[in-house]
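Note that the coordinates shown come from a computational prediction; the quantities given were computed from them, not determined experimentally.
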Amino acid sequence: MKINFHIDPNLKDEHADFWLHNMTDHISNVISQLNLEQEILWCYQDKKIKPVNYKSILVLQTVGTQIEVKTTDNVYYCKSRISQLIEQLPSQFIESARGTIINYKEIDHLELLDNGKIDVIMTNNERVQISRRKIKNLKEKLGI
C-alpha cells in the first residue's frame, strides 16, 4: 500500500480520500478511528463498563494499579496508565502532581498554603494539592 498526502493551508474542511482495491478490516478500523471524536472515557464501576463524558470528570488519580476517575456523583476506575491518559485527554485537563490529573474547568477555588503550596478545591469540594513543579502550568491555564 502506498500513502500520499499534501497539506493545503487554504483548505476549509479537512478530509481524506482513499483509493482502494478492496476494503479490509484494518482499513475499516483506521477510517473509524479517523471519524471518531472521542469525548468519553470507558471506565469500570462495579461489574459494568460505562462511558464517562470528559466534561463530567473532575479528578483522575492513580490508586494502586488503577486510575480512579471521579465525577461529581460517582467514582469509576480505568485500567490505563496515567501517562497514556494525559495524552488522550482534552486540553482542559492538566497534571497537578505525579499520578494526578485535574479538569481545570471544574475548579471552585484555590487555597494558598503557608508552606508555599497551593491546594485546588474542586466543585465537589475535593481538595487536590498541586506539586511545586506543576504550579506554573496551573497559573498559565488559569491566566494568573
Side-chain angles (χ1 to χ4, degrees), residues 1-111 113 117-144:
M1 180 190 326
K2 182 179 176 186
I3 299 174
N4 295 318
F5 68 93
H6 74 278
I7 297 172
D8 183 354
N10 298 320
L11 194 65
K12 291 183 182 176
D13 292 318
E14 292 180 339
H15 72 277
D17 295 322
F18 294 92
W19 298 77
L20 308 168
H21 290 285
N22 63 353
M23 179 65 78
T24 65
D25 288 340
H26 178 70
I27 292 171
S28 179
N29 288 339
V30 169
I31 291 170
S32 295
Q33 287 296 316
L34 290 172
N35 286 327
L36 181 66
E37 286 190 26
Q38 182 122 2
E39 295 180 5
I40 57 169
L41 180 65
W42 286 95
C43 298
Y44 296 87
Q45 186 183 46
D46 299 321
K47 293 186 178 184
K48 298 176 185 173
I49 300 174
K50 296 182 174 186
V52 179
N53 193 306
Y54 286 146
K55 292 177 185 176
S56 66
I57 298 172
L58 282 78
V59 178
L60 299 107
Q61 192 164 27
T62 303
V63 176
T65 59
Q66 300 184 83
I67 306 296
E68 192 175 70
V69 180
K70 296 179 184 177
T71 65
T72 303
D73 305 325
N74 290 301
V75 176
Y76 302 91
Y77 293 91
C78 179
K79 293 185 179 179
S80 297
R81 293 184 177 271
I82 202 90
S83 58
Q84 292 170 330
L85 281 178
I86 195 71
E87 291 175 12
Q88 103 181 42
L89 292 168
S91 61
Q92 72 206 43
F93 290 90
I94 59 169
E95 259 185 296
S96 63
R98 184 179 204 149
T100 305
I101 300 170
I102 62 170
N103 180 346
Y104 81 89
K105 292 186 176 182
E106 294 294 328
I107 293 174
D108 184 65
H109 66 278
L110 304 176
E111 284 187 16
L113 305 177
K117 291 185 177 182
I118 296 176
D119 274 1
V120 174
I121 311 304
M122 304 302 291
T123 55
N124 66 346
N125 290 320
E126 182 172 349
R127 181 178 294 268
V128 179
Q129 194 169 84
I130 301 293
S131 74
R132 292 183 195 267
R133 288 175 285 173
K134 304 296 181 181
I135 290 175
K136 181 180 177 187
N137 256 1
L138 176 67
K139 286 183 176 182
E140 285 175 3
K141 284 283 190 181
L142 297 178
I144 55 175

*Polar side-chain atom of Asp119 near backbone of Arg127 as donor-acceptor pair, under 3.5 Å*: no
_With a 4.5 Å cut-off on side-chain heavy atoms, are Asn74 and Val52 touching?_
no
_Show the nearest heavy-atom pair for residues Phe93 and Ile86, with the distance to one decimal._
O-CD1, 4.4 Å
*Rounded to the nearest 0.5 Å, what separation is found between the CD1 atom of Ile118 and the CD1 atom of Ile135?*
4.5 Å
*Please identify each residue that fulfils salt bridge (Lys or Arg N to Asp or Glu O under 4.0 Å) with Lys134, with sequence neighbours left out.*
Glu95
*Atom of Gln88, atom of Tyr54 and distance for their closest heavy-atom approach*: NE2-OH, 3.2 Å
*asked:* Around atom CG of Asn53, are there more than 12 heavy atoms from other residues, nucleotides or ligands closer than 6.0 Å?
replied: yes
*Roughly how far, to the nearest 0.5 Å, is the OH atom of Tyr76 from the CG atom of Asp46?*
10.0 Å
*Distance-minimising heavy-atom pair for Ile82 and Gly99*: CD1-O, 3.8 Å
_Are there over 12 heavy-atom neighbours, none belonging to Arg81, within less than 6.0 Å of that residue's CZ?_
no
*Please tell me if the side chains of Cys78 and Leu41 come closer than 4.5 Å, counting only heavy atoms from C-beta onward.*
yes
*Under the criterion side-chain contact (heavy atoms from CB on, under 4.5 Å), which of Asp108, Thr72, Ile107 is the partner of Met122?*
Ile107
*Nearest atoms (heavy-atom pairs only) where Tyr77 meets Gln66*: CB-OE1, 3.4 Å
_Minimum heavy-atom distance between Leu85 and Ser80, given as atom pair plus value_ = CG-CB, 3.9 Å
*asked:* Using 0.5 Å steps for rounding, measure from the CD1 atom of Ile144 to the NZ atom of Lys139.
replied: 6.5 Å
*Quick one: CD1 on Ile101 to CG on Leu58, what's the gap to the nearest 0.5 Å?*
13.5 Å
*Just how far is it from atom CD1 of Ile94 to atom OG1 of Thr100, taken to the nearest 0.5 Å?*
11.5 Å
_Straight-line distance of Lys105 NZ to Gln92 CD, nearest 0.5 Å_ = 5.0 Å
*Counting N and O atoms only, with roles assigned by atom type, does the side chain of Lys55 sit under 3.5 Å from a partner on the main chain of Glu39, one being a donor and the other an acceptor?*
no
*Is any side-chain heavy atom of Gln61 closer than 4.5 Å to a side-chain heavy atom of Glu126?*
yes
*asked:* Just so I know, are the side chains of Ile130 and Ile102 near enough to count as touching, which here means a heavy-atom distance under 4.5 Å?
replied: yes
